[in-house]
Each structure stands twice: as C-alpha cells, then as structure tokens.
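This report refers to the structure that appears directly beneath it.
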Amino acid sequence: DGGITQSPKYLFRKEGQNVTLSCEQNLNHDAMYWYRQDPGQGLRLIYYSQIVNDFQKGDIAEGYSVSREKKESFPLTVTSAQKNPTAFYLCASTLGGTVYNEQFFGPGTRLTVL
Amino acid sequence: GQQLNQSPQSMFIQEGEDVSMNCTSSSIFNTWLWYKQDPGEGPVLLIALYKAGELTSNGRLTAQFGITRKDSFLNISASIPSDVGIYFCAGQPGAAGNMLTFGGGTRLMVKP
C-alpha cells in the first residue's frame, strides 16, 4: 500500500538530548513537509523540501534540522536548541510540479520531553 | 504572512443535525482543501477545490470555493458520532509550489 509512515508513534526524551523523527513515503512524491501541532492549535510549518538534496525553512525552523538525501525520506531532528519541543509532529508529502497541491499526511509522532 | 480565519472554533451538536463551518482570508487563494483529523492521528484529506464557485460533494460532505476566492465553507449533513474530530481548511495562495496555509481548525463534537 502506498502511504506515509512516521516512526515512532510516541517518543520520550530527556531535556537537552537531540532526537530524530523518521518520515518515509512510497508515493513517489517530490515534496515533503514537517509540521508542528500544539494542543488545540493548527499546523505550523517547520521545514519543507521540494526536491532531493534541497530544503527550506518554514515559519518555525529554529531548533530543528532536516536532511533530504533520498526522495522517499525526510527525517527531522529536534535539537537541544528547541526551547519547547513537546508537541505532535506531522510529516506530509505532495506530488509537486503541478497545480494540484494536495498534501497527504502521515500518522504523526508525539514527542514528550521530560 | 497569510492568515486563514476558520469558524467556529468548536461546535457541540446533536446527532442528525447539519453542520456548517467556513474559512475566510484577506487575500486570494487558488486552491482550498478541507481535512479531518481524528485524535492522535494525521489529517485526512476530505475535499479539494480548484475553481472559484466550485461546489464538490463527498458523501454527506459538501464544500464550496467562494466566488471572491477569499473564502470556502464545508457542510456536513445528518451528522453521526464518527464525524467527531477537528476539521481544518487549507489554502494555497498562488501558483504551483506555493505552501499551504492552514486555518486554526473547528472541533466538532456530536452527542448521540
């Protein structure tokens, strides 16, 4: 089945540790995105990548880093510089290069920093 | 940056009632998307709209792309308990490759 997978579903880390969230898609989509969602809030864009080996900062990139070495993978690292990392993280992808911009989302990773 | 105002923020309705929610923007959008998010899950795309005035249905859901290109609404008819969740609108402001802007969400609660 084609889709987007995120792992793990739940992640606990101690304050000051870096942590990497996985996002994989087998939809052959060009563009991938990372969003952060806080309780009762909408989605805020962290980073996005429209092509392999290229990515851009979104609205809240400080304290996060990404890489896009393969088309199907877009991991997000939450660094110790992120002051309030506890949140629900969503990865999305879209075909790209067309006028249709439907983004499809993964199931999310809930990160809790203790 | 772009802002989407989504209302209402929450609704508590009786099973069987119809529901209406909308999104408005201060600027023009070329695409409107409506998503539903269940608790602890990722949003799922419900309806996509690409032309001003377009009216599209998906089962009991109907969405319209406003003529001014600055608004969209989503209606749910004859609500059922599994309609519970958060509904998000999202708009794409320009040409292909532009980022989506998301509304703040409408939390729907249905009383059996």
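Residue numbers begin at 1 in each chain, while the letters A, B, ... track the order of the sequences.
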**Message:** Report which part of I4(A) has an atom under 4.5 Å of a heavy atom belonging to chain B: side chain, backbone, both, or neither.
**Reply:** neither
**Message:** Take a 6.0 Å sphere around CD of E62(A) and say whether it holds more than 12 heavy atoms from other residues, nucleotides or ligands.
**Reply:** no
**NZ/K14(A): more than 12 non-hydrogen atoms of other groups inside 6.0 Å** = no
**Request:** Could you state whether M21(B) and F73(B) fall into the same hydrophobic cluster, counting links through intermediate Ile, Leu, Val, Met, Phe, Trp or Tyr residues with side-chain heavy atoms under 4.5 angstrom apart?
**Result:** no
**Fill in**
Rounded to the nearest 0.5 Å, the CG atom of L90(A) sits from the CD atom of E41(B) at a distance of 10.0 Å
**Request:** Starting at CD of E102(A), measure out to OH of Y50(B) and round the result to the nearest 0.5 Å.
**Result:** 3.0 Å
**Asked** Side chain, backbone, both or neither: which part of Q37(A) has an atom under 4.5 Å from a heavy atom of chain B?
**Response** side chain
**Prompt:** Do F104(A) and Y89(A) share a hydrophobic cluster (ILVMFWY, side-chain heavy atoms under 4.5 Å, transitive)?
**Reply:** no
**Asked** When only pairs under 4.5 Å are counted, which of G105(B), A48(B), G103(B), G40(B) shares the most heavy-atom pairs with chain A?
**Response** G40(B)
**Cluster link I46(A) to V78(A), ILVMFWY, side chain under 4.5 Å** = yes
**Request:** Check each atom of Q6(B) against the heavy atoms of chain A and say whether the ones under 4.5 Å are side chain, backbone, both or neither.
**Result:** neither
**Item:** Q103(A) versus Y35(B), closest heavy-atom pair with distance
**Value:** O-OH, 2.6 Å
**Item:** For R107(B), side-chain contact (heavy atoms from CB on, under 4.5 Å) partners two or more places apart
**Value:** S10(B), I86(B), M109(B)
**Message:** Between I60(A) and M99(B), is there shared hydrophobic-cluster membership here, with clusters defined by ILVMFWY side-chain heavy atoms closer than 4.5 Å?
**Reply:** no
**Message:** Within residues 52-59 of chain A, which residues come under 4.5 Å of chain B, heavy atom to heavy atom?
**Reply:** none
**Item:** Worked verdict on F88(A) versus Q37(B) for side chain to side chain contact (heavy atoms under 4.5 Å, CB included)
**Value:** CA-CA 12 Å; F88(A) 190 50; Q37(B) 184 179 30; 3.7 Å; yes
**Request:** Kindly compute the distance separating CZ (F102(B)) from CZ (R44(A)), expressed to the nearest 0.5 Å.
**Result:** 14.0 Å
**Item:** Whether over 12 other heavy atoms sit under 6.0 Å from L55(B) CG
**Value:** yes
**Fill in**
Here the gap from T101(B) atom OG1 to L45(A) atom CG, rounded to the nearest 0.5 Å, amounts to 9.5 Å
**Message:** Can you confirm whether more than 12 heavy atoms, excluding those of Q17(A), are under 6.0 Å from its CD atom?
**Reply:** yes
**Complete:** d(L45(B) CG, F105(A) CZ) to nearest 0.5 Å is 9.5 Å
**Fill in**
dist Y35(A):OH -> L100(B):CG (nearest 0.5 Å) comes out at 5.0 Å
**Message:** Hydrophobic clustering (ILVMFWY, side-chain heavy atoms < 4.5 Å, transitive) - are M32(A) and L95(A) grouped together?
**Reply:** no
**Asked** Which heavy-atom pair separates F88(B) from Q41(A) by the least distance, and what is that distance?
**Response** CZ-O, 4.0 Å
